[in-house]
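Notes for the one structure printed next.
Below, each value reflects all heavy atoms present in this structure, side chains not excepted, and no hydrogens, waters or symmetry copies.
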Amino acid sequence: MLLTMTKKSTKAPAKKSSAKAAPAQEEAKTSRASGNEGGSGKVAKTQLVERVADKTGLTKKQSEEAVSAMLGVVVDAIRGGQSVGLPGLGTLSVKNTAARTGVRPGTSERIQIPAGKKVAFKVASTLKSSLGITEDTAAE
């Protein structure tokens, strides 16, 4: 006798939301989408595109092309070993790291970490001062 098994769904049944909860949920979604989270969280590419469109009067499609082109230029320059200065924001650069000895977590085994490269970011002094960052707090 041949038995066939079917896969049971592991999804939980959809919860029905009340009419009162829907406006609050919708407002939370739109505030996250527009980046109005009170300074916490991350601004995604789509939010950057929306903000560029709002500030420049470009369409969202044109803004998306502009943001993508700018990010592509920055990434290409960094891959080429160049520094990229972003006025009012800071400077991205490629730094060489020396070979060093490290410790493998869990086993405490000593390992050799090869030399490599990393991307470094130096915050612009104007941005530091507007955020209230001093050299003392930056070192922490």
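- The distance from the CZ atom of Arg79 to the NZ atom of Lys117 is 12.5 Å, given to the nearest 0.5 Å.
- Listed by chain and number, the residues in a side-chain contact (heavy atoms from CB on, under 4.5 Å) with Ser68 are Lys45, Glu64 (sequence neighbours excluded).
- Considering CG of Leu71 and CG of Leu48, their distance stands at 7.5 Å, rounded to 0.5 Å.
- Under the 4.5 Å side-chain heavy-atom criterion for grouping Ile, Leu, Val, Met, Phe, Trp and Tyr, Val123 is connected to Val94 within one hydrophobic cluster.
- Looking at every heavy atom in both residues, Gly88 comes nearest to Thr126 through CA-OG1, 3.9 Å.
- Summarising the geometry, atom OG belonging to Ser83 is positioned 11.0 Å from atom CG belonging to Leu86; distances are rounded to the nearest 0.5 Å.
- Atoms CZ and CD1, on Arg100 and Ile111 in that order, are 9.0 Å from each other to the nearest 0.5 Å.
- Placement of Val119 and Met70 within a single hydrophobic cluster is found when ILVMFWY residues are connected by side-chain heavy-atom separations under 4.5 Å, directly or transitively.
- Leu127 pairs with exactly one of Ser130, Ser129, Ser125 by the side-chain contact (heavy atoms from CB on, under 4.5 Å) rule, that one being Ser130.
- Only one option out of Leu89, Val84, Thr91 pairs with Phe121 in a side-chain contact (heavy atoms from CB on, under 4.5 Å); it is Leu89.
- Across all non-hydrogen atoms, the minimal contact from Val49 to Ser63 is O-CB, 3.5 Å.
- Closest approach of Val103 to Arg110, counting heavy atoms only: CG2-NH1, 3.3 Å.
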Could you walk me through whether Leu92 and Val74 pass side-chain contact (heavy atoms from CB on, under 4.5 Å), step by step? CA-CA 9 Å; Leu92 288 160; Val74 170; 3.9 Å; yes
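- The closest donor-acceptor contact from the side chain of Thr97 to the backbone of Gly116 lies under 3.5 Å.
- Scanning for side chain to side chain donor-acceptor pair (under 3.5 Å) contacts around Gln62 gives Thr59, with sequence neighbours left out.
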